Amino acid sequence: DGVTEVLAHHRESLPDKFFEVPCSEDYNSHRRFEGCTPRKCGRGVTDAVITKEEAERIRRIAERGLSLGGSDGGASILDLHSGALSLGKHFVNLYRYFGDKVQDIFTEEDFALYRDVRQRIQQRIAQAFGISSASMYLTKPTFFSRINNTEAKTTHDEYWHPHVDKVTYGSFDYTSLLYLSNYAEDFGGGRFVFMDAGSNKTIEPRAGRVSFFTSGSENLHHVEKVHWGTRYAITISFTCNPDHGIGDPVLT
C-alpha cells in the first residue's frame, strides 16, 4: 500500500499533534459558513482530552448497548441519537424495539458522560482549526462501532473501503474518532489510515485517544481489516450548517 508513516503509535501518550494539509475543493459545492467552514485543513491526534478511565466507561456503554444486538458480519454499530442498532443483517431502532428495557441498559450518568466527552472533543477541534466551538453543530450519523474478524455478510459490514466523509455524508465538516480499545493489545489490524498521494499515514488506536480531521477529500481514509480481537470506537462528527445539527441523545 505504498509507504506507511505512523503518525501516532499506540504505546506513546501524545499531548497534541497536528498536521496541516491543503484543503480540497469539496467545501465549495456546499454552503459556506464564515468562521466555521474549513479554510485551514488537516488532521490531529491527542491523548490529553479523554482519560483512559473515561474511555473504559464509554466502552462499557457501547458493550451494554451492542449486547442487545450485533451484526452477523464483523462490523456492528449503535447510534444513541437515532436509536440505530445492528441486528443480524439489518438495523433496528433500539428505543422502539426494546422500549422500556433501554432504561435498564443505560443510565442518566452514561448520557451525561457522553455529552461531556462530545463537548471536550468539539472544543479541541475548534481550537486546532481556529474557529469558535459555538459555530459547530453535532451532526448525524454519530455512532459507536464494534469490529471483529467475522466475515462480512452484507455491504454494511465492509468498513475497510477508502472513503471521504464529506462525500459519504454531505453534512460533515469535521470528523472525530474516540478510540475505546488498544491496538496490538485488544485487537490486531484495525489501524486508521490516511491515504495521501505516494504514502499512507497511520494512527494506531489507543483507549482515550482522539483523532480528528477536516472531512473533505484532503483526508481520504480507510480502516484496516481487524485480524483478531475486538475494536471499539465512537465516531463524533460536526457540521457548520445549523440545519444539519442534532441535539445530544437523551434517555427517554
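For clarity, every value in this text was computed on a predicted model and none was experimentally measured.
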Has Thr175 got a side-chain atom pairing as donor or acceptor with Ser237's backbone, closer than 3.5 angstrom?
no
Might you confirm whether atom CG of Asp100 has over 12 heavy atoms from other residues, nucleotides or ligands at distances under 6.0 Å?
no
Contact check, side chains of His10 and Asn182, non-hydrogen atoms, under 4.5 Å
no
Could you check whether Lys101 makes a cation-pi contact with Tyr95, meaning its NZ or CZ is under 6.0 Å from the centre of the six-membered ring and within 45° of the ring axis?
no
With a 4.5 Å cut-off on side-chain heavy-atom distances among I, L, V, M, F, W and Y, is there a chain of contacts connecting Ile125 to Phe192?
no
Under the criterion side chain to side chain contact (heavy atoms under 4.5 Å, CB included), I'd like the reasoning laid out for Asp186 against Tyr232: C-alpha separation, chi angles, the key distance, then a yes or no.
CA-CA 9 Å; Asp186 300 315; Tyr232 283 94; over 6 Å; no
Can you confirm whether Val193 sits close enough to His221 that some side-chain heavy atom of one is under 4.5 Å from a side-chain heavy atom of the other?
no
Measure from the ring center of His163 to the ring center of His222 and say whether it is less than 6.0 Å.
no
From the options Cys240, Cys23, Ser135, select the one residue that forms a side chain to side chain contact (heavy atoms under 4.5 Å, CB included) with Thr37.
Cys240
Kindly work out whether a path of hydrophobic side-chain contacts (I/L/V/M/F/W/Y, heavy atoms less than 4.5 Å apart) joins Val210 to Tyr179.
no
If you group Ile, Leu, Val, Met, Phe, Trp and Tyr by side-chain heavy-atom gaps below 4.5 Å, do Val21 and Leu7 land in one group?
no
Mind checking the CG-CZ spacing from Leu180 to Phe144? Nearest 0.5 Å is all I need.
7.0 Å
In terms of heavy-atom contacts, does CZ of Arg32 have more than 12 from other residues, nucleotides or ligands at under 6.0 Å?
yes
Salt bridge between Arg209 and Asp47, side-chain N to carboxylate O under 4.0 Å?
yes
Mind checking whether Asp248 and Phe111 have side chains closer than 4.5 Å, heavy atoms only?
no
Count the heavy atoms of every other residue, nucleotide or ligand shown that sit under 6.0 Å from OH of Tyr97, and state whether that count exceeds 12.
no
Just verifying a value: how many Å separate Glu151 CD and Asp72 CG, rounded to the nearest 0.5 Å?
11.5 Å
With Asp26 as partner, the option from Thr214, Asp165, Val164 fulfilling side chain to side chain contact (heavy atoms under 4.5 Å, CB included) is Val164
Give the ring-plane orientation class for Tyr174 versus Phe129, where under 30° counts as parallel, over 60° as perpendicular and anything between as tilted.
tilted
Backbone of Ile77 reached by a side-chain donor or acceptor of Ser86 within 3.5 Å
yes
Under 6.0 Å from the NZ atom of Lys140, do we count more than 12 heavy atoms belonging to anything else shown?
no
Salt-bridge test for Arg59 and Glu63: reply yes if a basic N is under 4.0 Å from a carboxylate O, no otherwise.
yes
Give me the ring orientation class for Tyr169 and Phe172: parallel if the planes are under 30° apart, tilted from 30 to 60°, perpendicular past 60°.
parallel
Counting C-beta onward and ignoring hydrogens, is there a side-chain heavy-atom pair between Phe213 and Cys41 closer than 4.5 Å?
no
For Phe19 and Phe194, what are the C-alpha separation, side-chain angles and deciding distance, and is it a ring-ring contact (aromatic ring centres under 6.0 Å, His included)?
CA-CA 12 Å; Phe19 310 87; Phe194 291 109; 8.6 Å; no
Hey, mind stepping through Phe212 and Ile121 against side chain to side chain contact (heavy atoms under 4.5 Å, CB included) and telling me if it holds?
CA-CA 9 Å; Phe212 57 90; Ile121 292 172; 5.7 Å; no
Looking at His227, I want to see if its NE2 is surrounded by more than 12 non-hydrogen atoms of other residues, nucleotides or ligands under 6.0 Å.
yes
Atom NZ in Lys166, atom OG in Ser24: separation rounded to 0.5 Å?
9.5 Å
For a quick check under 3.5 Å, do Glu218 and Tyr27 share a side-chain donor-acceptor pair by atom type?
yes
Would you say Met136 and Val49 are hydrophobically clustered, going by side-chain heavy atoms of ILVMFWY under 4.5 Å?
yes
How far does CG of Asp16 sit from CG of Leu14, to the nearest 0.5 angstrom?
8.5 Å
Using a 3.5 Å distance criterion without hydrogens, assess whether the side chain of Asn200 forms a donor-acceptor pair with backbone atoms of Glu5.
no
Just how far is it from atom CD1 of Ile236 to atom CD of Gln119, taken to the nearest 0.5 Å?
11.0 Å
Do Thr150 and Asn148 pass the side chain to side chain donor-acceptor pair (under 3.5 Å) test, and can you show the C-alpha distance, the side-chain angles, and the key distance before you say yes or no?
CA-CA 6 Å; Thr150 306; Asn148 59 34; 2.8 Å; yes
Rounding to 0.5 Å, atoms OG (Ser76) and CG (Asp157) come to a distance of 7.5 Å
The salt bridge (charged side-chain N to carboxylate O under 4.0 Å, His left out) partner of Asp110 among Arg64, Arg57, Arg60, Arg115 is Arg64
